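First up is the structure itself, then whatever we jot down about it.
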Protein chains: 2
Amino acid sequence: MTQSELNQESDREQNRLSLGSMEDLLAYRLRSAQYLLFTVHSEVFNRYKITPGLYGILIAIRYNPGCSQIAVCNRLHIDSSAMVAALDKLQKLEFVERRPSPNDRRQRALYLTEHGVAAMQEIETEVATQEKSLLTNFSTSERTTLMQLLERFDR
Amino acid sequence: MTQSELNQESDREQNRLSLGSMEDLLAYRLRSAQYLLFTVHSEVFNRYKITPGLYGILIAIRYNPGCSQIAVCNRLHIDSSAMVAALDKLQKLEFVERRPSPNDRRQRALYLTEHGVAAMQEIETEVATQEKSLLTNFSTSERTTLMQLLERFDR
DNA sequence: TATTGTTATACTCTATAACTATA
DNA sequence: TATAGTTATAGAGTATAACAATA
């Protein structure tokens, strides 16, 4: 077996091609860390038949009961036509209600159902627990530093 | 105008519904920061008719000339059938060549074309410049801290 | 006139299964 | 038997334009 064949073998086992300068890119590091979080959380999301995107919508409604669809769209950078399909799904899962808005008859006021509230409490707890266990080898000050640095990219 | 109408008005202007506990989630902060980076880089990617995903593939090939498709798939968590379409695009853009592998006739050895090498030099420079300008209000030590913390999520 | 939500549509991304040629 | 690459296909996500109801 030649040296180049050995390298290929080792690559295959480790799944580790070099990505050169990309490994020093913030965009790559963010994507890479997010991929890990996504993988860890996906089991919970699957169990409740939602996705990270739908989870964001549920959170927005949970903390802003009665908000309009467009408000959620703007906050989460979701297209208004995509929001229709997403809410249809969440309504079918009986997590969300669309009620007529008292202020503006064009708008729908969004609310979690009782079932939605209960499910969200469970999901939020599980997600938070998973994050904590992912951060066990980070000190308290490292965690706050990381969060504070990331917050500075908000907007 | 009532107080609730004022709140709605202010929400609309600021696009700022509260996301409650989600704002303390690492997963949310990562996604949020990544969205900003994605937005900033998208103009460059559009100009070269590529996407962040295709950029990752180009980088992998650039730093591992002659690598197989499956090696890139494994490194970047891309499905092998999706890789076919991605490489078809990159070949049509004349960024990439698929050559027969000398070691294993099942494999294709991937290489950047001359045009691909030139384009990648330009793109990598622009991307790095954009990141630098995004990080202007971070001190040198803040930047290294951020990157080192994020690296610890790598696998 | 402008905005909210909807539909229709199209395009991309992703994932699965079945196939081929090679090992 | 197993692997690399391909095709076909179906599902999800995303974006655009046109529309009805309402402001």
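This one's a predicted model, so the numbers in the text were calculated from it and none came from an experiment. Below, read A as the first sequence line, B as the second, and so on, with proteins coming before strands; counting in each chain starts at 1.
A tilted orientation is assigned to the rings of F45(B) and Y55(B), their planes being inclined by 30° to 60°.
Partners of D104(A) by side-chain hydrogen bond (donor to acceptor under 3.5 Å, both in side chains), not counting sequence neighbours, listed by chain and number: R106(A). A search for side-chain contact (heavy atoms from CB on, under 4.5 Å) contacts involving E142(B) returns L149(A), R152(A), F138(B), S139(B), not counting sequence neighbours. Residues that satisfy the side-chain contact (heavy atoms from CB on, under 4.5 Å) test with Y35(B), not counting sequence neighbours, are H77(A), T39(B).
Taking a 6.0 Å sphere around CD of E114(A), one finds it holds 12 or fewer heavy atoms contributed by other residues, nucleotides or ligands. By the neighbour-count criterion of 12 heavy atoms within 6.0 Å, atom CZ of F38(A) is sparsely surrounded, having that number or fewer from other residues, nucleotides or ligands.
The minimum heavy-atom distance linking K89(A) with L54(A) is given by the pair CD-CD1, 4.3 Å. Shown here for C73(A) and M83(A), the closest heavy-atom pair between the two residues is SG-CB, 3.5 Å.
Taking atom CG of N46(A) as the reference point, atom P of dG11(D) lies 17 Å away to the nearest angstrom. Between the CE atom of M83(A) and the P atom of dA15(D) there is a distance of 12 Å, rounded to whole Å.
For V84(B), the side-chain atoms get nearest to dG5(D) when compared with the rest of dT4(C), dT6(C), dG5(D).
In this structure, R29(A) forms no cation-pi arrangement with F153(B), as its terminal cationic atom is not both closer than 6.0 Å to the ring centre and no more than 45° off the ring axis.
Side-chain atoms of E131(B) come within 3.5 Å of backbone N or O of L26(A) as a donor-acceptor pair.
Comparing the axis of the opening five pairs of the helix from dT1(C)-dA23(D) to dA23(C)-dT1(D) with that of the closing five pairs yields an angle of 0°, rounded to 10°.
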Under 3.5 Å, which N/O atoms of the protein pair with N/O atoms of nucleotides 9-14 of chain C?
residue, atom, partner, partner atom, Å
dC13(C), OP2, K89(B), NZ, 2.9

Between protein and nucleic acid, restricted to nucleotides 18-23 of chain D and to nitrogen or oxygen atoms under 3.5 Å apart, what atom pairs and distances do you find?
residue, atom, partner, partner atom, Å
dA23(D), OP1, R105(A), N, 3.0

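The side chain of Q69(B) places no N or O atom within less than 4.0 Å of a non-bridging phosphate oxygen (OP1 or OP2) of dT3(D). Contact between the side-chain N/O atoms of R98(B) and the OP1/OP2 oxygens of dG5(D) is not found at any separation under 4.0 Å.
Between the CG atom of L110(A) and the CD1 atom of I61(A) there is a distance of 4.5 Å, given to the nearest 0.5 Å.
Side-chain atoms of S81(B) come within donor-acceptor range of the base of dT16(C), with a qualifying N/O pair under 3.5 Å.
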